[in-house]
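Working notes, beginning with the structure itself.
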Amino acid sequence: MARTRYASDRGLTSRMLVTMFLLGLVYVAFVTAFFVISPKLGVIGLVIALVFLFVQYFFSDKITTFAMHAREVSPEEAPELHGVIDRICAMSDSPKPRVAIADTDVPNAFATGRNQKNAVVCVTTGLLRRLDPVELEGVLAHEMAHVAHRDVAVMTIASFLGICAGLLTRIGLEFGLWGGFNRRSNDNNAALMVMAVVAVSAVAYAISFLLTRALSRYRELSADRAAALLTGRPSALASALTKVTGEIARIPTNDLRAAQPFNAFFFTPAFGKGFSVSQLFSTHPTLEKRLEQLNKISGELSRGV
């Protein structure tokens, strides 16, 4: 973790290392399996994977802000927002990230970028309209904690394998193996190769999906704790969490669906009222668990622990 005043989290660091190690093993097995199935497809898959990883890692900030229709704003355009960011930077001794606003009524925020130098912190207009300055400070401190902990970069790399598995499956089916299968419709080997590609990709996707979800849930709790300790106002963060979760339930379903692909990076997931998801597949811990942790931190701070 970079040297800032954000509280370090050895649990997060160890989980990131373990996740990356396991995903590395899965990726090696994934590529090896493709070479065994079809050496030509394996080479194509490896090249595509490396190019995709390069683009995702070095341009993740631009890709995410573009997909969210966000634009960077100057201190003159958003003086209050920049003022909050400046205070957090002073408190945490962190370099100032670029600041962006996404014009959507879904109240949320996210951080992206491979490191502190290239970080972008984005808030939606819906969030700015609903939170008071103290609550906004808690949310932004949470997002900047992700940057300080470097878990944004790890999540960017970790999510790559699942996307790559799906991409290679599609390429293999549509351009590589289907050609051979159509030319040799009676050849059982072609059909077996198609099935093998689908099976390998499905296993790789499932493993990467579960590993990234587990890391995502823990990193949210870690950012909550770091932000609460930095600002000394866990109640403000708890209030923002409660308010945002309640307000999201009132957002039109179509708007929520458009935002859901970014749930892993959001302050709180964009799910409507009544939505239920297994904890195993969730990108965020439950609201109750997050509030329980913040209440515990509040008690520790009041006792001077």
Side-chain angles (χ1 to χ4, degrees), residues 1-9 11-13 61 70 73 75 78-102 107-113 115-124 126-153 155 216-245 264-269 284-285 287 289-302:
M1 186 176 131
R3 292 183 178 180
T4 68
R5 295 195 184 105
Y6 274 107
S8 61
D9 190 330
L12 176 63
T13 302
D61 53 336
V73 292
E80 293 182 0
L81 178 58
H82 273 270
V84 175
I85 294 286
D86 288 336
R87 287 198 301 275
I88 297 171
C89 289
M91 285 189 291
S92 63
D93 194 23
S94 302
K96 186 177 180 178
R98 305 199 306 278
V99 181
I101 294 178
N108 233 313
F110 65 90
T112 184
N115 53 39
Q116 292 186 4
K117 184 179 178 180
N118 296 278
V120 178
V121 173
C122 178
V123 298
T124 66
L127 187 77
L128 293 174
R129 284 195 296 268
R130 290 171 172 87
L131 299 188
D132 63 38
V134 177
E135 292 169 335
L136 182 61
E137 181 181 77
V139 172
L140 293 176
H142 167 103
E143 295 304 327
M144 290 178 64
H146 284 310
V147 177
H149 289 159
R150 296 187 178 181
D151 58 63
V152 175
M155 284 297 295
S216 180
R217 290 191 296 273
Y218 187 89
R219 82 184 189 113
E220 293 301 329
L221 289 174
S222 178
D224 281 349
R225 179 174 179 79
L229 292 175
L230 179 73
T231 63
R233 294 189 181 115
S235 60
L237 184 55
S239 175
L241 270 170
T242 304
K243 187 181 292 186
V244 169
T245 302
F265 297 97
F266 278 153
F267 170 64
T268 189
H284 289 63
L287 175 63
K289 190 169 185 178
R290 296 177 77 173
L291 294 179
E292 180 183 355
Q293 177 183 245
L294 291 171
N295 185 56
K296 181 180 178 182
I297 295 172
S298 183
E300 291 173 353
L301 291 175
S302 65

For Tyr6 against Ala148, the heavy-atom pair lying closest together = CD1-CB, 3.6 Å
query = With no hydrogens and no angle check, is any side-chain donor or acceptor of Thr112 less than 3.5 Å from a backbone partner on Val120?
reply = no
ask   = With sequence neighbours left out, what residues match Thr231 under side-chain contact (heavy atoms from CB on, under 4.5 Å)?
value = Met91, Glu137, Ala141, Arg233
ask   = Does some side-chain heavy atom of Val99 sit less than 4.5 Å from a side-chain heavy atom of Val123?
value = no
note = Interatomic distance, OG@Ser222 vs NE2@His142, rounded to 0.5 Å, equals 9.5 Å
message = Do Leu12 and Arg219 have side chains that approach each other closer than 4.5 Å (heavy atoms only, starting at C-beta)?
response = yes
ask   = Taking all atoms of both residues into account, what is the closest heavy-atom pair of Val139 and Leu237, and its distance?
value = N-CD1, 4.1 Å
message = Any non-hydrogen side-chain atom of Pro107 less than 4.5 Å from a side-chain atom of Lys243?
response = no
ask   = Any sub-3.5 Å donor-acceptor pair from Thr245's side-chain atoms to Thr242's backbone N or O?
value = no
query = At their closest point, which heavy atom of Glu135 faces which heavy atom of Arg130, and how far apart are they?
reply = OE1-O, 4.3 Å
request  = Taking all heavy atoms of Ala100 and all of Leu81, pick out the closest pair and write down the distance.
outcome  = O-CD2, 4.5 Å
key: Least distance between heavy atoms, Arg290 atom then Pro285 atom   = CG-CG, 3.8 Å
message = Applying side-chain contact (heavy atoms from CB on, under 4.5 Å), can you list everything that pairs with Ala238, at least two apart in sequence or on another chain?
response = Leu291, Leu294
task = Please lay out, stage by stage, how Met144 and Ile85 fare under the test side-chain contact (heavy atoms from CB on, under 4.5 Å).
result = CA-CA 9 Å; Met144 290 178 64; Ile85 294 286; 4.1 Å; yes
The single option from Gln293, Glu292, Glu300 passing side chain to side chain contact (heavy atoms under 4.5 Å, CB included) against Lys296 = Glu300
inquiry  = For a 4.5 angstrom cut-off between non-hydrogen side-chain atoms, does Thr124 reach Phe110?
reply    = no
remark   = Shortest non-hydrogen pair, Ala227 vs Gly138, comes out as CB-O, 4.0 Å
Flag side-chain contact, heavy atom, 4.5 Å: Asp61 against Arg98 = yes
task = Give a yes or no on whether the backbone of Ala90 and the side-chain of Arg5 come within a donor-acceptor separation of less than 3.5 Å.
result = yes
ask   = Short question: side chain of His149, backbone of Ala7 - any donor-acceptor pair under 3.5 Å?
value = yes
request  = Answer whether the closest heavy-atom distance between the side chains of Ile297 and Asp224 falls below 4.5 Å.
outcome  = no
key: Residues which pass side-chain contact (heavy atoms from CB on, under 4.5 Å) with Ala153, listed by chain and number, not counting sequence neighbours   = Tyr57
Min side-chain heavy-atom separation Asn115-Arg150 under 4.5 Å = no
inquiry  = If you define the side chain from C-beta out and look only at heavy atoms, does anything of Val147 sit under 4.5 Å from Ser94?
reply    = no
